[in-house]
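Report on the following structure.
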Amino acid sequence: MKRRRVKITGIGPVTPAGIGREEFWKGILEPVSRVRIFNRLGQQYGPMVAAYLDTFNVRNYIDHSRIPKGSSRQTQFAIAAAVLALKDAGIAEDHLSTLNAAVVNGSSLMDFDGVLSSFEAIAKYGERGAKPRNIYTANTSSTPRAISTTFKLNARTIGVQSACCGGVDAIGRAAAMIADGEVDIALCGGTEAPLVKPLMFEIRAAGLTPLTSEMAERADRPFDLWRTTGVVSEGASYFVLEPEESPRKGYSYIEGYGSKDDEPNDLCGGLKHAINMALADARVRPQDIDAISAWGPGHIMIDAAESKTLMTVFGLNLGEIPIVSIKGAIGTPLAAAPAIQVAAAALAQRFSIIPPTVNWEHPDPSCPLN
């Protein structure tokens with residue numbers, strides 16, 4: 001059976017740079033960082049910075065009574081993103097429910113906020129404080145199931161948990177299902193809401209977010225000489241994927257996909273194989289690439305390792321290829337990050353504009369990128 005081409009027909013970003021396609025695109029084109037001082041957990045825990053959504057309310061996008069009770073913040077992000085993606089594609093919910101559909105979500109973490117509240121209640125009240133609902137709402141597979149329930153779909157639901165790659169792995173899995181004829185439409189993407197204690201304390205202790213809140217808006221500096229570490233954030237992005245013969249206009253086609261783990265002591269080594277797999281899947285050569293949406297979290301070691309890998313794959317052509325990291329603008333929302341990057345890349349193709357790499361000012365010889 002011939003594989004079908006897969007196109008993106010709807011985009012639903014929920015990000016610190018903007019919610020919905022138009023606001024996100026406007027926000028991501030501005031050379032502005034959404035990283036700020038983060039006091040939601042209490043100032044007594046010391047300085048913290050993050051990029052976050054302080055005005056998000058899922059009721060602004062859907063009747064709250066339709067959402068499964070106890071849905072976590074990251075699930076609410078995903079539901080709102082799915083609503084926005086469907087609206088963007090121009091697909092009515094009653095029509096969606098008649099289609100052979102899949103819902104594929106990528107998240108790296110379970111609902112730590114819900115789990116922590118249950119632990120605290122049990123510590124205080126004993127067995128009476130147990131919250132049995134967490135069994136159904138705190139795991140990563142609960143998000144695609146909640147979306148299917150909200151839209152009354154008889155869909156295949158898949159939860160992908162592959163660390164920070166989860167969002168793009170979910171898109172790759174959904175695209176393969178459509179290409180192979182398993183389903184005719186897919187809602188897919190990534191979501192994450194990690195800004196909770198003790199998770200933020202552990203991330204800070206691991207050196208994956210700044211130890212100071214000074215100049216918060218300058219904290220995340222992808223590929224810059226003076227970068228230190230990335231900044232954790234939250235958000236989601238969802239997509240409507242359909243085969244080429246769909247009557248709806250597509251933003252872009254998903255032509256290739258690849259994934260590979262790093263080997264021990266080989267940071268970003270797996271990336272080389274993943275890129276080559278994606279190029280082979282798309283049947284294109286490195287010199288055919290017009291632009292690259294880089295991981296670029298602003299971490300001193302990761303950015304250098306990624307740059308080295310890109311040089312290995314693209315060689316002398318690398319200097320001619322524009323490269324962007326949107327992490328300086330929105331931080332790193334873990335598994336939601338690559339899904340949000342796919343949204344930025346698809347919109348960049350639609351409007352022929354590449355977003356800026358916010359906070360990049362001083363070239364680093366270890367990151368000789370365009």
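Since the structure is predicted, the reported quantities are computational estimates derived from the model, not experimental observations. Hydrogens, waters and symmetry mates play no part in the numbers below; they use all other heavy atoms, side chains included.
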Heavy-atom side-chain proximity of [X] to [Y] below 4.5 angstrom:
X: Ile323; Y: Leu318; answer: yes
X: Ile185; Y: Leu96; answer: yes
X: Val103; Y: Arg156; answer: no
X: Val342; Y: Phe239; answer: yes
X: Ile79; Y: Ile62; answer: yes
X: Ile292; Y: Pro322; answer: no
X: Pro13; Y: Ile340; answer: no
X: Met301; Y: Leu267; answer: yes

**Report entry** Side-chain donor-acceptor contact under 3.5 Å, Gln74 with Thr191
**Finding:** no
Query raised in the report: Does a side chain donor of either Asn39 or Tyr45 reach within less than 3.5 Å of an acceptor in the other side chain?
Result: no
Can a salt bridge be assigned to the pair [X] and [Y] using a cut-off of 4.0 Å between side-chain N and carboxylate O?
X: Glu242; Y: Arg5; result: no
X: Arg66; Y: Glu93; result: yes
X: Lys197; Y: Asp113; result: no
X: Glu234; Y: Arg73; result: yes
X: Glu263; Y: Lys260; result: yes

Requested in this report: Measure the acute angle between the ring planes of Phe351 and Trp25, then classify it against the limits of 30° and 60° as parallel, tilted or perpendicular.
Outcome: parallel
Query raised in the report: Between Phe56 and Tyr61, what is the ring plane arrangement, given parallel below 30°, perpendicular above 60°, and tilted in between?
Result: parallel
Would you say [X] has more than 12 foreign heavy atoms packed within less than 6.0 Å of its [atom1]?
X: Asp288; atom1: CG; result: yes
X: Asp261; atom1: CG; result: no
X: Asp290; atom1: CG; result: no
X: Glu30; atom1: CD; result: yes
X: Gln44; atom1: CD; result: yes

Requested in this report: Could you please spell out the steps behind the salt bridge (Lys or Arg N to Asp or Glu O under 4.0 Å) verdict for Glu361 and Arg218?
Outcome: CA-CA 11 Å; Glu361 289 185 352; Arg218 305 284 293 162; 3.1 Å; yes
Report task. Apply the test side-chain contact (heavy atoms from CB on, under 4.5 Å) to residues Leu41 and Met48: give CA-CA distance (whole Å), side-chain angles for both, the deciding distance (0.1 Å), then the verdict. Result -> CA-CA 9 Å; Leu41 305 183; Met48 289 189 182; 4.0 Å; yes
Check: [Y] main-chain N/O paired with [X] side-chain donor or acceptor under 3.5 Å:
X: Arg204; Y: Leu199; result: no
X: Asp364; Y: Phe223; result: no
X: Asp184; Y: Asn100; result: no
X: Ser252; Y: Gln349; result: no
X: Arg4; Y: Ile178; result: yes
X: Arg221; Y: Thr229; result: no
X: Thr309; Y: Ala305; result: yes
X: Asp220; Y: Gly230; result: no
X: Asp111; Y: Gly114; result: yes
X: Asp180; Y: Glu182; result: no

Query raised in the report: Can you list the steps and then say if Ser71 with Gln76 is a side-chain hydrogen bond (donor to acceptor under 3.5 Å, both in side chains)?
Result: CA-CA 6 Å; Ser71 290; Gln76 292 182 32; 5.9 Å; no
Query - Audit row: Asp281, Arg3, salt bridge (Lys or Arg N to Asp or Glu O under 4.0 Å) steps and yes/no - result: CA-CA 12 Å; Asp281 190 33; Arg3 298 186 76 207; 3.6 Å; yes
Report task. Let me see the working for Val35 and Glu217 under side-chain contact (heavy atoms from CB on, under 4.5 Å), right down to the final yes or no. Result -> CA-CA 5 Å; Val35 175; Glu217 72 282 356; 5.7 Å; no
Any chance you could measure [X], atom [atom1], to [Y], atom [atom2], to the nearest 0.5 Å?
X: Thr228; Y: Asp224; atom1: OG1; atom2: CG; value: 10.0 Å
X: Phe77; Y: Thr15; atom1: CZ; atom2: OG1; value: 10.0 Å
X: Arg128; Y: Ile122; atom1: CZ; atom2: CD1; value: 12.0 Å
X: Ile158; Y: Thr143; atom1: CD1; atom2: OG1; value: 14.0 Å
X: Arg227; Y: Lys327; atom1: CZ; atom2: NZ; value: 13.5 Å
X: Phe314; Y: Leu279; atom1: CZ; atom2: CG; value: 5.5 Å

Requested in this report: Begin from the C-alpha positions of Leu271 and Trp295 and carry the test side-chain contact (heavy atoms from CB on, under 4.5 Å) through to its verdict.
Outcome: CA-CA 10 Å; Leu271 178 62; Trp295 182 244; over 6 Å; no
Answer yes if [X] and [Y] sit in the same cluster of Ile, Leu, Val, Met, Phe, Trp and Tyr residues linked by side chain heavy atoms under 4.5 Å apart, and no otherwise.
X: Val232; Y: Leu116; value: no
X: Val49; Y: Met200; value: no
X: Val58; Y: Leu53; value: yes
X: Tyr257; Y: Met277; value: no
X: Ile275; Y: Ile321; value: yes

Report task. Test side-chain hydrogen bond (donor to acceptor under 3.5 Å, both in side chains) on Ser107 and Asn105 and set out the steps. Result -> CA-CA 7 Å; Ser107 295; Asn105 179 77; 3.0 Å; yes
Report task. Would you check, one step at a time, whether the test side-chain contact (heavy atoms from CB on, under 4.5 Å) holds for Glu245 with Lys7? Result -> CA-CA 9 Å; Glu245 58 267 26; Lys7 61 185 179 182; over 6 Å; no
**Report entry** Glu320: partners by salt bridge (charged side-chain N to carboxylate O under 4.0 Å, His left out), with sequence neighbours left out
**Finding:** none
Requested in this report: Mind running side-chain hydrogen bond (donor to acceptor under 3.5 Å, both in side chains) on Tyr251 and Asp88 for me, showing each step along the way?
Outcome: CA-CA 11 Å; Tyr251 287 92; Asp88 187 45; 2.6 Å; yes
Report summary line: Scanning both residues in full, the closest heavy-atom pair of His95 with Leu99 reads O-CG, 3.5 Å
